[in-house]
Amino acid sequence: MNKKDNKDYSKQQRMKKESYLSLGSFVSLAIFAGLLLSNIGTTSFLVQKQAFGLENQPQSTPFPGMNFAKPIDVWSKNGVLKTTLVADYQAGTIDGKPFTAMLYNGSLPGPTFHVFPGDRIELNLINNLNEPTNLHWHGFHVSPANNSDNIFLEVGPGKTQHYSVYIPKDHPLGTDWYHPHLHGVTYSQVNNGLTGLFIVEGLQKLLPKPLQNITTHTFEMKDFPWDPLFSTTHNMSNTLTGHEKLTVNGEVNPTVNIKSGETQLWRFINMNSESYITVGLSGYKFHIIAEDGYPVWKVRENGTLFLPFGKRFDVLVTGQGNGSIPLRVVNDTYNDHPFGTIVATVHVQGNQNVKPVSLPTTLPPFANSSSISKWKDLSNATIAAHRVLYWKSDDRDWVYTINNQTFDPNRVDEKVKLGTVEEWKLINLDPVQSGNFHPFHLHTNDVQVMSVNGKPYNADGRQDTVMIPTHSTVVIRIPAYDFVGKTVYHCHLLFHEDYGMMGTVEWVK
Ligand SMILES: [Cu+2]
């Protein structure tokens, strides 16, 4: 059974479960659906905007023929990003199909935030949903405690949570993102549209002078529409609408303009929670300068980019020739879209007399630090502890475990001492035919991949989202530094996470 068949198989299992639902469940389903609709009918986004001072932020413009808005860019000012996110339901259409999404500030995806190392984030999260939510800064090296990147916080319906996040002066540079991270509802909230980019600026300053002011484009890739009924029923048969489209920044097949000879910085992210994407641009190479918001030690040239859920790549691309070429889903072991699916159209303007600049093969260190933990290769690090984590799926009963345990927020699974480097062996026990890949994600500290199935891995830098293929072993090294507190590691197939595949780690002094 290949991955696709397996997905269909899982869906059949989910449908089977649905048939066990009692009449009572259907009654409560109807009540919940009614609540959802009444909320859509009565909540005015404009009123909320005025109430929370959002009317002073740059205005979003609606997509043509839709009432979802385009994401806007919000920058920090004088070292502070002061902003508000309102999570609410919003009706609109994608590809002519009506769809009710869960959105931040009415835009699909949410606003793109731009911050610098050393900045402070002061953010109000207002929850207008009928269910609890919270916020995670995916890829950020910040405190996991108090009202910082604390995924144990629960923001109830109608409640507001203030977040204060301090970004270290030597924070890695690149593309990170934000999304809800409340155990049990993460999968549906992310799939319904509650995601946005959080860019730590400064990556261009690591490039040769002529490239420091290049044009940037973001590619926030996500399958829409997703069936919002799942959020109210939590019935797995509702998770796939059957007419999902691969969208980029909320649009189907947008156009990107580049001149022949011009180099641009493209920031890719897979914002799905259960679809892999591999993209390619025929005749082009992507020069990867950051992975998971972490500048590389060595620039790798790749013809394709494989993005598990949550993965980001910052790449340099130089325009060639003249005319339009499609950015497509290309053939790869892992892919959940038909080969050839168009992601975006790249329009190259030829004969512009733009002289190409030679691209760098390495980048200078992003942080001025002598500490090995901060940014250097961990291959020769002293290892303070070795741990083994077994990842296992039961697709029939939807039980997903790490070391035979499902998630318990009150338990501490691993304690890691600050200032040390640990080596973790991640073993995926699921057989190849199960199709159950598990993208490992760790909060607070980025990791270095050391080997895959015993074969040494030549790491270009650090990552926060690492694929553990079926029936495979991946060895990683984790440097613990700067922050104490309890947080989590988990599978970023968010359905697995919601059904148990998450453990707790406490960074201790
Ligand atoms: Cu998984």
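Along the sequence shown, the residues carry numbers beginning at 1. Since the model is a prediction, treat every value here as computed from it, not as a measurement. Counting convention: from 1, in listed order, for ligands and their atoms alike.
- The six-membered or imidazole ring of Phe140 lies near that of Phe198, with a centre-to-centre distance under 6.0 Å.
- For the pair Lys486 and Phe152, the cation-pi test (distance below 6.0 Å, angle within 45°) is passed.
- Counting only N and O atoms by type, the side chains of Trp177 and Thr195 include no donor and acceptor under 3.5 Å apart.
- Ion pairing between a basic and an acidic side chain is recognised when a charged N comes within 4.0 Å of a carboxylate O; Glu220 and Arg267 show no such pairing.
- Listed by chain and residue number, Asn453 satisfy the side chain to side chain donor-acceptor pair (under 3.5 Å) test with Ser472 (two or more places apart in sequence, or in another chain).
- Ordered by chain and number, His438 ND1, Cys491 SG, His496 ND1 make up the set of protein N, O or S atoms under 2.8 Å of the Cu ion (ligand 1).
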Let me see the working for Asp464 and Lys311 under salt bridge (Lys or Arg N to Asp or Glu O under 4.0 Å), right down to the final yes or no.
-> CA-CA 8 Å; Asp464 61 48; Lys311 173 67 70 181; over 6 Å; no
